[in-house]
Amino acid sequence: MPPSSPRAKKRDDYYRDRRRRKVCAFCADKTAGIDYKEVNRLRRYLSERAKIEPRRKTGTCAGHQRELAIALKRARHVALLPVAPQHLRP
């Protein structure tokens with residue numbers, strides 16, 4: 001089949017849109033649990049507006065996303081992480 005045929009073009013477009021699935025960083029490291037005191041690691045999962053990033057953006061699995069949310073909230077509670085972004089504070 002020549003590459004200029006419409007069928008080949010559709011196939012190329014299909015594979016171009018498919019992206020590689022992200023791998024959970026916590027599963028890859030085989031960590032036992034997520035510690036709220038690891039501020040540098042947790043900060044990667046916050047947006048610039050200090051919101052928790054969704055799974056589809058970070059690539060974490062469901063179980064680790066739940067643990068991550070709990071750890072981030074604990075770190076916020078003990079003031080290790082910001083609740084609001086720096087530029088929005090009075």
Side-chain angles (χ1 to χ4, degrees):
M1 184 176 345
S4 61
S5 71
R7 187 180 226 176
K9 184 169 177 13
K10 282 184 182 178
R11 191 179 331 117
D12 291 343
D13 289 342
Y14 174 76
Y15 286 113
R16 185 176 300 125
D17 289 340
R18 294 193 52 140
R19 289 177 175 74
R20 188 167 170 210
R21 188 160 170 83
K22 295 178 181 172
V23 180
C24 178
F26 299 105
C27 289
D29 293 345
K30 296 185 174 109
T31 55
I34 302 172
D35 190 17
Y36 71 94
K37 292 172 272 187
E38 295 179 26
V39 179
N40 291 330
R41 187 168 192 184
L42 294 177
R43 195 166 277 149
R44 294 189 312 196
Y45 298 98
L46 290 177
S47 68
E48 67 275 355
R49 301 193 49 93
K51 290 178 154 188
I52 300 172
E53 294 282 1
R55 280 182 59 202
R56 66 180 176 272
K57 192 167 182 184
T58 60
T60 55
C61 65
H64 283 121
Q65 180 71 17
R66 279 187 229 108
E67 285 185 47
L68 182 65
I70 292 168
L72 286 166
K73 290 172 187 177
R74 283 182 182 159
R76 285 174 176 166
H77 189 74
V78 295
L80 295 174
L81 287 174
V83 177
Q86 190 68 33
H87 65 278
L88 292 179
R89 291 188 193 153

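Numbering starts at 1 and runs along the sequence shown.
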Participant: Do side-chain atoms of Q65 reach the backbone of G59 as a donor and acceptor pair under 3.5 angstrom?
Facilitator: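 No.
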Participant: If you compare all heavy atoms of A28 against all heavy atoms of V23, which two are closest, and at what distance to 0.1 Å?
Facilitator: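 Minimum heavy-atom contact is CB-CG1, 4.5 Å.
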Participant: Would you give the length of the straight line joining atom CZ of R55 to atom CZ of R66, rounded to the nearest 0.5 angstrom?
Facilitator: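 It is 8.0 Å, given to the nearest 0.5 Å.
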Participant: Using every non-hydrogen atom in the two residues, find where A84 and A50 come nearest and quote the distance to one decimal.
Facilitator: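 Where A84 meets A50 most closely, the heavy atoms are C-CB, 4.0 Å.
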Participant: Check the pair T31 / E38 against side chain to side chain contact (heavy atoms under 4.5 Å, CB included), numbers first and verdict last.
Facilitator: CA-CA 13 Å; T31 55; E38 295 179 26; over 6 Å; no
Participant: How long is the straight-line distance from CG of L68 back to NZ of K73, given to the nearest 0.5 Å?
Facilitator: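 If I round to the nearest 0.5 Å, the distance is 10.5 Å.
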Participant: Taking the side chain as C-beta and beyond, is there a heavy-atom pair between R76 and L42 under 4.5 Å?
Facilitator: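 Sidechains of L42 and R76: no contact.
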Participant: In terms of hydrophobic clustering (I, L, V, M, F, W, Y; side-chain heavy atoms under 4.5 Å; direct or indirect links), are V78 and I70 co-clustered?
Facilitator: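 No.
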Participant: Look up atom CG in L46 and atom NZ in K51, then write down how far apart they are to the nearest 0.5 Å.
Facilitator: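 If I round to the nearest 0.5 Å, the distance is 12.0 Å.
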Participant: Please report the closest heavy-atom contact between Y36 and A75, naming both atoms and the distance.
Facilitator: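 Shortest heavy-atom separation between Y36 and A75 comes out as O-CB, 3.6 Å.
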Participant: In the single-linkage hydrophobic clustering (I, L, V, M, F, W, Y; side-chain heavy atoms under 4.5 Å), do F26 and V39 co-cluster?
Facilitator: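 In one cluster: yes.
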Participant: If you look at every heavy atom in P85 and R49, which pair is closest and at what distance?
Facilitator: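 Looking at all heavy atoms of both residues, the shortest contact is CD-O, 3.3 Å.
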Participant: With side chain to side chain contact (heavy atoms under 4.5 Å, CB included) as the test, would you mind laying out the steps for L81 and R43 before giving the verdict?
Facilitator: CA-CA 8 Å; L81 287 174; R43 195 166 277 149; 3.9 Å; yes
Participant: Taking atom CZ of R74 as the centre, report whether more than 12 heavy atoms of other residues, nucleotides or ligands fall under 6.0 Å from it.
Facilitator: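 No - once you tally the heavy atoms of other residues, nucleotides and ligands closer than 6.0 Å, there are 12 at most.
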Participant: Just by distance, do the side chain of K22 and the backbone of T58 share a donor-acceptor pair under 3.5 Å?
Facilitator: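 Answer holds: no.
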Participant: Looking only at heavy atoms, what is the nearest atom pair of D29 and R41, with distance?
Facilitator: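 So the two residues come closest at OD2-NH2, 2.9 Å.
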